[in-house]
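Inspection log for the structure reproduced underneath, given as structure tokens.
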Amino acid sequence: MRILDARLLVLTPLSLALAAPALAAPALAQTAPSPPAPQAEASQQGVLVFPPDVFASQQPVTALDMVSRVPGFSVIDGDGSRGFQGSVGNILINGARPASKNDTGSSVLSRTLVAQVERIELVRGGAPGIDMQGFSVVANVITRDQSSRQSIFTGNAVLYEGGNDTHGGTWQFTAKDGERTWGFTLTDGFDVNDSNGVGPVVRRDGAGALLRSEDFSNDQRSGGNALRLNYASPFLGGLIDLTARYGISDYENLTLQTSPTVRRESRYQEDGSSGELGAVFTRPLNSSLTSETRFIHEFDATDGVAFSRTRLNGVDGPEQRFATESQGAETILRSLLRYEQSPSLTFETGGEIAYNMLETDQAFSNGGVPVPLPSASVKVEETRGELFGRGTWRLRDNLTVESGVRVEGSTISQSGDADSEKTFSFIKPRLLATWTPWANNQFRVRFEREVSQLDFNAFAASAELQNENVLGGNIDLEPEQRWISELAYEGRFWGDGVLSVTLRHDEISDAIDVIPLEDGLSATGNIGDATLDRLSVNLQAPLDRFGFNGGRISARNTWNHTEVTDPTTGKTRPLSNVPKTHAVIVLAQDIKSWNLQWNVAWVPLLGRTSYDPDVQFTWRGRDFLEGWVEYKPTPTLAIRAQINLWDEYHQTRIAYADRQTRPISYIETRNIDPRTFYSLRLRKTF
């Protein structure tokens, strides 16, 4: 099941999810061409300051263009999960996050022109008065107080080889009069899938005998429209920031497997609507005490239906049908007080209360005969409260310590096909120390307990008919908890070169994966204790000194090792959907004399494996290439052309005949040749 947010998406979901940050947007993780070194005292305090002239040679249009080119920083917009803490991104505007979780930092910056930017502060490891929200590095964009009117028009088109072409656009208007701003964003959006294509599907039994040999193809169509309104103004001695959004969306997916005697068809259709209201009121109470109160309300509704039918030798088999209707809502009230005792010492305390709800009605039938499912029609509700306190202390110019604790209590109740109620409480401490022993070299240590936000959809049944998979709901699902230990080193060289190395270890309790249920079903559930060990290396370097003027290269890789005990076999295995490794290499250049920029990114290997009690599913992709070139004939006009291609997308499903002895029932492979697609973007500012 999915809800398409009615935003304009012109990037590939696979590259966004697995190759971020270097592919997260065409310029999200690139290095800037040789900016002057930030001021020495700012560097010692863990804050690097980038004035607008640092980016002049790149001819940025919006504040997002500037932030995307800050060396050593990658934009993260957050996952929009329940609650505010931990669900927002690593971008601040004038020291605060946007009024809504879904009006992301990058969205705000995309409608902020360069002329409105005073400076960009890269906060590494914390700083007094800065709410890091769990991040080790954040970007704080400081804007100017001056009157202006601006519009940004963006048109996009994605052209597939052998698929459905898509197009859309946005109109962003912002007016500013001193501290007061207002505006709107009107979006005609679409989604992009970079794994659609064609190829053979082969299924063999455990002995290797051929069971199926068919042709596979899949395609999709999606769209959405949304209107967002924003208003900010001085109010009652402080500043109020308001936002509202409403959007509608639709989505269709078709999967076919055919041979001379067989036609297997799976379809999924969905219509959805969603909206939100957000307000933030910030007010200084005196010279050292500031209050911030935040209110967020979100809602959504979705109707979806999946069909699956097999025709054998011209005769239609029974149709499988899975239908769902759902409504969800979240309301958050959060308030805090920030006390700045001195420029080097800040305290913060506050609380958050929230209500979350998801009501789902689902039905599964085979040949018109209803098939009972666990928790097919349920209503899940959560009330949650949290108290928190935090302090940031700059002990010396080169040493900053941030420590704090959050205490959370919640009650989750379920009604409908199953009635249950559970109460949880967690203490979540955090310690972050940042040490800069000498210029351009920094060490960061983090120790923190994180508690996951439950996906309410896991309490209800779901289906993936194209993969012959139906999941039941789980009323016993509990939040996953992690004790995280992290050590990071960051070194800066050659003006804008950055080398960062991060070691991380997670001790995981109540790990969330897939568990077996009765009657041959499975569900999302807790499978016990697990561990994760991670090594991340990121290198970004300018190439001017090698004669490649305006050129830069970046290379990053993350290695993951996880262990958990499988609930079906009792054996040790990796966690589902955690990639063992993925690397990204980017080569780019700014050619100022031509008003031109280009970028080529290569992902040599992608892949993940999931472990169901009855099926092990693995996908692998190789040699993913993304290249783009952008031409700016005038300071207010930018034209971009992009190509995405790769040659191999391989899926393997290993199905077991039973859960006790686990003999192999069949092994199915899909070797898909994904469709190459071309993207065009025209952006004009007024």
Side-chain angles (χ1 to χ4, degrees), residues 8-16 19-34 55-71 74-75 106 110 114 152-161 165-170 190 192 194 496 540-544 546-555 584-604 623-647 674-685:
L8 185 64
L9 301 179
V10 296
L11 305 174
T12 60
L14 191 59
S15 63
L16 286 173
L23 288 179
L28 286 193
Q30 302 162 12
T31 57
S34 302
F55 308 95
S57 63
Q58 302 152 29
Q59 298 178 304
V61 176
T62 68
L64 181 60
D65 296 338
M66 300 169 69
V67 169
S68 299
R69 298 294 292 271
V70 171
S74 298
V75 174
S106 64
S110 71
V114 169
I152 303 176
F153 291 93
T154 305
N156 290 269
V158 177
L159 312 177
Y160 288 90
E161 290 187 352
D165 299 336
T166 57
H167 56 83
T170 61
F190 59 88
V192 176
D194 58 9
D496 65 332
Q540 305 174 35
L543 300 177
D544 300 76
F546 301 105
F548 189 24
N549 294 331
R552 57 199 179 276
I553 188 171
S554 67
V584 181
I585 300 173
V586 179
L587 183 66
Q589 186 183 22
D590 297 317
I591 307 177
K592 185 178 180 180
S593 60
W594 294 356
N595 298 326
L596 192 73
Q597 301 172 351
W598 62 265
N599 178 297
V600 176
W602 174 48
V603 182
D623 294 328
F624 183 97
L625 289 173
E626 177 180 276
W628 58 262
V629 59
E630 183 168 272
Y631 174 56
K632 298 177 181 177
T634 71
T636 62
L637 179 63
I639 304 169
R640 173 177 295 199
Q642 178 173 311
I643 182 173
N644 291 77
L645 59 90
W646 57 348
D647 295 328
R675 293 184 175 92
T676 297
F677 60 92
Y678 308 89
S679 305
L680 300 174
R681 187 186 76 181
L682 176 68
R683 183 174 61 185
K684 174 65 177 176
T685 62

Shortest non-hydrogen contact between S110 and T62, atoms and distance = O-CG2, 3.5 Å
Quick one: pull up CG in D590 and CD in Q58 and give me the separation to the nearest 0.5 Å.
-> 5.5 Å
Taking the side chain as C-beta and beyond, is there a heavy-atom pair between Q642 and R681 under 4.5 Å?
-> no
Residue pair N599 / Q597, side-chain donor-acceptor N/O under 3.5 Å = no
Between the side chain of N156 and the main-chain N/O of H167, is any donor-acceptor distance below 3.5 Å?
-> no
Could I get the full list of side-chain hydrogen bond (donor to acceptor under 3.5 Å, both in side chains) partners for Y631, not counting sequence neighbours?
-> none
Identify the two heavy atoms, one from G550 and one from D544, that lie closest to each other, and give their separation to 0.1 Å.
-> N-OD2, 2.9 Å
Taking all atoms of both residues into account, what is the closest heavy-atom pair of L680 and A641, and its distance?
-> CD2-CB, 3.9 Å
Please report the closest heavy-atom contact between L587 and W598, naming both atoms and the distance.
-> O-CZ3, 3.5 Å
V114 and P60: which non-hydrogen atoms are nearest, and at how many Å?
-> CG2-O, 3.3 Å
Pair F153-L682, side-chain contact (heavy atoms from CB on, under 4.5 Å): steps then yes or no = CA-CA 8 Å; F153 291 93; L682 176 68; over 6 Å; no
Would you call the rings of W646 and F624 parallel, tilted or perpendicular if under 30° counts as parallel and over 60° as perpendicular?
-> perpendicular
If you round to the nearest 0.5 Å, how far is CD1 of I553 from CD1 of I585?
-> 7.0 Å
Sorted by chain and residue number, the salt bridge (charged side-chain N to carboxylate O under 4.0 Å, His left out) partners of R683 (sequence neighbours excluded) come out as D65
To the nearest 0.5 Å, what is the distance between NZ (K632) and CD (Q59)?
-> 6.0 Å
Test side-chain hydrogen bond (donor to acceptor under 3.5 Å, both in side chains) applied to K684 - qualifying residues, sequence neighbours left out = T636
Between the OG1 atom in T685 and the CD1 atom in I152, the distance rounded to the nearest 0.5 Å is 6.5 Å
Straight-line distance of E626 CD to L645 CG, nearest 0.5 Å | 10.0 Å
Shortest non-hydrogen separation from Y160 to R675 and the atoms involved = CD2-CB, 4.3 Å
For the pair Q589 (side chain) and N549 (backbone), establish whether a donor and an acceptor sit closer than 3.5 Å, ignoring hydrogens and angles.
-> yes
Taken to the nearest 0.5 Å, the spacing of I639 CD1 from N595 CG works out to 11.0 Å
